[in-house]
Amino acid sequence: MKSIVTTIISLLLMVPVFAQNSSTTSELVPLFVVKTSVEGGMHEIIGQTGKDIFHINKETGEVKLLYYEKYINLSRQESSEDVAEAGKINYQLVISSNEVYLMNINTGVIWYLKSAGLTHSKDKFILITEKK
């Protein structure tokens, strides 16, 4: 029953988006973007059908990957601009096609998920820095 509910929630969270294919400007390629809510509860599960499922604590930014019926904690690189307020939603998780991003919605700091192998044991969120 839980897997059916999770699948239904995942399908409802999918938002179709279209991007232009680099080969021609008139051809549109369907992409999917799934993101957590910036309202409501502090915990949320997010994923795409047939892909990885994540659990996020939207207050602390802690993200876990559900992998073969157990959670793997995903660490992230530190940033001096990563500021979180207690008791408030501070983070949003976004899945775009095959990429996973974590964003601090207060400061705009963004990380991408770098996968280090099939077991996901060394997966980590890597800080995206602006070129200056």
Side-chain angles (χ1 to χ4, degrees):
M1 182 69 173
K2 286 183 182 179
S3 64
I4 293 171
V5 172
T6 302
T7 302
I8 291 170
I9 291 171
S10 296
L11 290 172
L12 291 174
L13 291 174
M14 280 195 233
V15 179
V17 177
F18 293 91
Q20 289 187 350
N21 188 337
S22 59
S23 61
T24 65
T25 57
S26 62
E27 185 179 340
L28 295 179
V29 178
L31 300 175
F32 290 97
V33 175
V34 182
K35 58 186 176 179
T36 57
S37 171
V38 292
E39 298 175 351
M42 293 297 184
H43 296 268
E44 195 165 341
I45 293 176
I46 183 173
Q48 291 180 319
T49 305
K51 300 274 185 176
D52 297 324
I53 302 294
F54 298 90
H55 171 270
I56 179 172
N57 179 323
K58 296 185 289 185
E59 178 183 12
T60 65
E62 177 184 78
V63 179
K64 298 176 183 179
L65 169 66
L66 181 59
Y67 186 72
Y68 287 106
E69 299 182 4
K70 63 181 178 180
Y71 280 115
I72 297 172
N73 291 318
L74 302 174
S75 63
R76 69 176 181 262
Q77 284 183 322
E78 291 185 21
S79 169
S80 60
E81 297 176 19
D82 185 18
V83 179
E85 297 179 34
K88 180 182 172 197
I89 293 176
N90 298 294
Y91 297 90
Q92 184 175 42
L93 196 64
V94 177
I95 302 173
S96 175
S97 296
N98 293 326
E99 298 293 328
V100 180
Y101 300 95
L102 177 66
M103 182 174 82
N104 181 312
I105 62 172
N106 301 322
T107 62
V109 175
I110 300 173
W111 298 263
Y112 72 94
L113 183 60
K114 182 175 182 181
S115 183
L118 296 176
T119 64
H120 298 285
S121 62
K122 295 184 180 179
D123 288 6
K124 181 177 185 174
F125 281 99
I126 305 297
L127 185 63
I128 297 175
T129 56
E130 292 183 30
K131 292 183 179 181
K132 298 195 180 204

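Note that this is a predicted model, so its numbers are computed, not measured.
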Hphob cluster co-occupancy, Ile105 + Val83, side-chain heavy atoms under 4.5 angstrom: no
Would you say the side chain of [Y] lies within less than 4.5 Å of the side chain of [X], judging by non-hydrogen atoms?
{"X": "Met42", "Y": "Glu59", "answer": "yes"}
{"X": "Phe125", "Y": "Val63", "answer": "yes"}
{"X": "Leu113", "Y": "Phe54", "answer": "yes"}
{"X": "Asp82", "Y": "Tyr91", "answer": "yes"}

In Å and rounded to the nearest 0.5 Å, what is the [atom1] to [atom2] distance from [X] to [Y]?
{"X": "Asn57", "Y": "His43", "atom1": "CG", "atom2": "NE2", "answer": "4.5 Å"}
{"X": "Leu65", "Y": "Asp52", "atom1": "CG", "atom2": "CG", "answer": "5.0 Å"}
{"X": "Thr36", "Y": "Ile56", "atom1": "OG1", "atom2": "CD1", "answer": "5.0 Å"}

Between the side chain of [X] and the main-chain N/O of [Y], is any donor-acceptor distance below 3.5 Å?
{"X": "Thr107", "Y": "Glu81", "result": "yes"}
{"X": "Gln77", "Y": "Leu127", "result": "yes"}
{"X": "Glu44", "Y": "Ser37", "result": "yes"}
{"X": "Lys35", "Y": "Ile46", "result": "no"}

Salt bridge (charged side-chain N to carboxylate O under 4.0 Å, His left out) contacts touching residues 88-102 (sequence neighbours left out): Glu85-Lys88
Side chain to side chain contact (heavy atoms under 4.5 Å, CB included) assessment of Tyr101 paired with Ile110: CA-CA 7 Å; Tyr101 300 95; Ile110 300 173; 4.1 Å; yes
Distance under 6.0 Å and angle within 45° of ring axis: Arg76 vs Tyr112: no
